[in-house]
Amino acid sequence: QVHLVESGGGLVQPGGSLRLSCAASGSIVSINIMGWYHQAPGKQRELVATISSTGSTNYADSVKGRFTISRDNAKNTVYLQRNSLKPEDTGVYYCNLMQLGFVYWGQGTQVTVSS
């Protein structure tokens with residue numbers, strides 16, 4: 001009943017910037033947490049950042065100061081502004097939403113950071 005669609009992935013040079021978006025639709029309640037996860041090639045999926053419906057944020061140490069997570073509650077959309085990109089930021093970025101004890105995942109969007 002909840003559908004997530006990521007967008008904004010692509011190819012970017014090291015040091016560049018990229019903005020990812022994730023739009024949620026369906027039965028969304030007012031209290032929820034949305035987040036971004038990163039899966040590098042050959043690595044496990046790991047947390048990048050989360051943001052609650054009240055605006056409380058958490059970041060992985062590796063991206064703190066470079067990435068910014070934000071959301072538009074009216075549109076049920078979460079964003080990830082990614083600056084100073086590094087080759088290790090390459091991989092698939094997944095959006096998720098947690099509410100009422102359930103977790104929902106998007107299909108992911110590919111990001112490649114390469115010169």
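Index from 1, following the sequence.
Checked against side chain to side chain donor-acceptor pair (under 3.5 Å), N83 has the following partners two or more places apart in sequence or in another chain: S17, Q81. Applying the side chain to side chain donor-acceptor pair (under 3.5 Å) rule to N76 yields no partners; only residues at least two apart in sequence or on another chain are considered.
Residues S53 and M34 are not in side-chain contact: their nearest non-hydrogen atoms beyond the backbone lie 4.5 Å or more apart. In this structure, the side chains of R71 and I33 stay at 4.5 Å or more apart for every pair of heavy atoms. When side chains are defined from C-beta on, V12 does not count as touching T112, because their heavy atoms never get closer than 4.5 Å. For the pair E6 and L20, the minimum side-chain heavy-atom distance is 4.5 Å or more. In this structure the side chain of Q39 never reaches within 4.5 angstrom of the side chain of Q44, judged on heavy atoms.
Under the ring pair (Phe, Tyr, Trp, His ring centres under 6.0 Å) criterion, no residue pair touches residues 52-81, with sequence neighbours excluded. Judged as a ring pair (Phe, Tyr, Trp, His ring centres under 6.0 Å), not a single pair has a partner in residues 2-33 (not counting sequence neighbours). Screening residues 38-49 for salt bridge (Lys or Arg N to Asp or Glu O under 4.0 Å), with sequence neighbours left out, gives no hits.
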Could you go through the side chain to side chain contact (heavy atoms under 4.5 Å, CB included) check for T57 and T50 one step at a time?
CA-CA 6 Å; T57 60; T50 63; over 6 Å; no

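In the hydrophobic cluster analysis, where Ile, Leu, Val, Met, Phe, Trp and Tyr join through side-chain heavy atoms closer than 4.5 angstrom, V2 is grouped together with F102. Note on I51 and Y37: separate hydrophobic clusters, where clusters join Ile, Leu, Val, Met, Phe, Trp and Tyr whose side-chain heavy atoms are under 4.5 Å apart, directly or indirectly.
Taking all atoms of both residues into account, the shortest heavy-atom contact from V29 to N32 is O-ND2, 2.7 Å.
Here the straight-line distance linking atom CD1 of I69 with atom CG of N58 works out to 9.5 Å at 0.5 Å rounding. Between S21 atom OG and K75 atom NZ the span is 10.0 Å, to the nearest 0.5 Å. The structure places CE of M98 at 14.0 Å from CD1 of I31, a figure rounded to the nearest 0.5 Å.
With a 6.0 Å radius and a threshold of 12 heavy atoms from other residues, nucleotides or ligands, Q107 has its CD atom at or below the threshold.
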Donor-acceptor contacts under 3.5 Å from residues 85-97 side chains, at least two apart:
{"from": "D89", "atom 1": "OD1", "to": "R66", "atom 2": "NH2", "distance (Å)": "3.2"}
{"from": "D89", "atom 1": "OD2", "to": "R66", "atom 2": "NH1", "distance (Å)": "2.8"}
{"from": "D89", "atom 1": "OD2", "to": "K86", "atom 2": "N", "distance (Å)": "2.7"}
{"from": "T90", "atom 1": "OG1", "to": "P87", "atom 2": "O", "distance (Å)": "3.0"}
{"from": "T90", "atom 1": "OG1", "to": "V113", "atom 2": "N", "distance (Å)": "2.8"}
{"from": "T90", "atom 1": "OG1", "to": "V113", "atom 2": "O", "distance (Å)": "3.4"}
{"from": "Y93", "atom 1": "OH", "to": "R82", "atom 2": "NH1", "distance (Å)": "2.6"}
{"from": "Y93", "atom 1": "OH", "to": "D89", "atom 2": "O", "distance (Å)": "2.6"}
{"from": "N96", "atom 1": "OD1", "to": "G35", "atom 2": "N", "distance (Å)": "3.3"}

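A donor and an acceptor atom, one from each side chain of T54 and S56, are nowhere located under 3.5 Å apart.
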